[in-house]
Visitor: 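Encoded as structure tokens, here's the structure I'll be asking about.
Heads up: numbering here begins at 1 and tracks the sequence. We count ligands from 1, going down the list as the structure has it; atoms in each ligand are counted the same way.
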Amino acid sequence: MKRIKAALLVTTAALLASSASAAGKLEIFSWWSGDEGPALEALVKLYKQKYPSVDVVNATVAGGAGTNAKAVLKTRMLGGDPPDSFQAHAGQELIGTWVVANRMEDLSSLFKSEGWTTKFPKDLLPLISSKGGIWSVPVNVHRSNVMWYIPANLKKWGVTAPKTWDQFLTTCKTLKTKNVTPLALGENWTQQHLWESVAVGTLGAQGWQNLWSGKLKFTDPKVVKVWDTFGKVLDCTNKDASGLSWQQATDRVVNGQAAFNIMGDWAAGYLSTTKKLKPGTGFGWAPSPSTSGTFIFLADSFGLPKGAKDRAEALSWLKLLGSKQGQDTFNPLKGSIAARVDSDLSKYSTYSQSAAKDWKSNKIVGSLTHGAVAPESFTSTFGTVIDAFVASRNAQVAAATTQQLADKAGLGK
Ligand code: GAL
């Protein structure tokens, strides 16, 4: 009898404890899992320290650039089952997709009460604002146009990081004679990512901006030339690209099968946090060819969808995300710099310190692949143009199809 009583007491205590720990719930949704997980996990840990009674569900759908996650998110949003807070890129991915569909809550009052209107850079605020509202909280600034390499390997092969696409094509020839893949490439979205570096390098920062404001047509001979150069660059990449994740492409550089990789600076997070290589000596970087002085940027942000089941917890999550402590916990592990203007750079790697310097002094343009300049409907269909070009190498057709997509998406209107 005594034993039964004791067991009952234990069970009641356990039930009480579990109901205390489940006083609140928070479901956050992103594509930061596996190798991409550590920065988000550190932020969740910090959240749990501050709100120990909230049960955090860290819902992730794996897959670089969120290609898989965005599809799942769409189903959930349209099905009336939004996560409490989800990852979306600042810019058209957020505004042109979820804000125009009237699915997000305006966060202006949160920005006011947290004093954030002066804490985020002038270049960034317009990308999260529209219709008089502010629609998400940016957690970072990533750079898209970075070329990564292993200094010791370049030395062994007698090459240096090329500064222009012409130089790259010469270096490509040299590397081929040594049986080294000049440029490691991965699945479709990483090809699109490479395309934007070739485009900005060929058109210049202003030309790139003109493309998205509608002043420069995709069918203009200058833009057709981007495709020609892209084709030549593709000839310097591995043949099995479509089957590789961005991490697997980066691994080819690390293990010496390939010389370079063009990837956003989440690769710096991967190379230092996962691969334990030291920035500067273990791995090196340079702006992607012909883009020195230009910073192609993107920002990950989280918003509050209408109908979130745990609204109060989501708001406390957003508060942490936008705070100095939150950003300086997350970004040193992620490879990005803080979106806030007041972060403590001594907490960051030498790579991130150099990115922070460039962010202040370079011309800033938005990334296509990562949602800054075009809505999701354009970006995802542009992937099929890339696929078709990889197979056909027909620059004229690629240019004409892209212009059709731009017209359909109402770009520049
Ligand atoms: C980007 C995202 C980065 C990183 C990358 C690779 O779209 O902004 O934070 O996750 O995809 O998956």
Visitor: With only distance considered, is Gln87 within less than 3.5 Å of ligand 1 through an N or O on each side?
Guide: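 Checking ligand 1 against Gln87, no N or O pair falls under 3.5 Å apart.
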Visitor: May I ask you to check whether Lys334 has an N/O atom sitting below 3.5 Å from an N/O atom of ligand 1?
Guide: yes
Visitor: Using heavy atoms and a 4.0 Å limit, tell me yes or no: is Gly66 in contact with ligand 1?
Guide: no
Visitor: Rounded to the nearest 0.5 Å, what's the gap from CG on Leu110 to CG on Leu304? Could you check?
Guide: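 It comes to 9.0 Å.
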Visitor: Has Lys70 got its NZ or CZ under 6.0 Å from the middle of the six-membered ring of Trp31, at an angle within 45 degrees of the ring axis?
Guide: yes
Visitor: Evaluate His370 for polar contact with ligand 1, using N/O atom pairs at a separation under 3.5 Å.
Guide: yes
Visitor: Please write down residue, atom name and distance for the protein heavy atom closest to atom 12 (O) of ligand 1.
Guide: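 Heavy-atom neighbour on the protein nearest atom 12 (O) of ligand 1: Glu36 OE2, 2.5 Å.
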Visitor: Within a distance under 4.0 Å of any heavy atom of His89, pick out the atoms of ligand 1 and give their elements.
Guide: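 Those qualifying, in numeric order: 1 (C), 2 (C), 7 (O), 8 (O).
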Visitor: Taking N or O atoms only and a 3.5 Å limit, does Gly64 qualify as a polar contact for ligand 1?
Guide: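 No, there is no polar N/O contact under 3.5 Å.
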Visitor: Do other residues, nucleotides or ligands put more than 12 heavy atoms under 6.0 Å from Lys156 NZ?
Guide: yes
Visitor: Using a 3.5 Å cut-off on N or O atoms only, is Asn140 in polar contact with ligand 1?
Guide: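 For ligand 1, there is no N or O atom that lies under 3.5 Å from one belonging to Asn140.
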Visitor: Please write down residue, atom name and distance for the protein heavy atom closest to atom 2 (C) of ligand 1.
Guide: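 Minimum-distance protein heavy atom for atom 2 (C) of ligand 1 reads Asp300 OD1, 3.4 Å.
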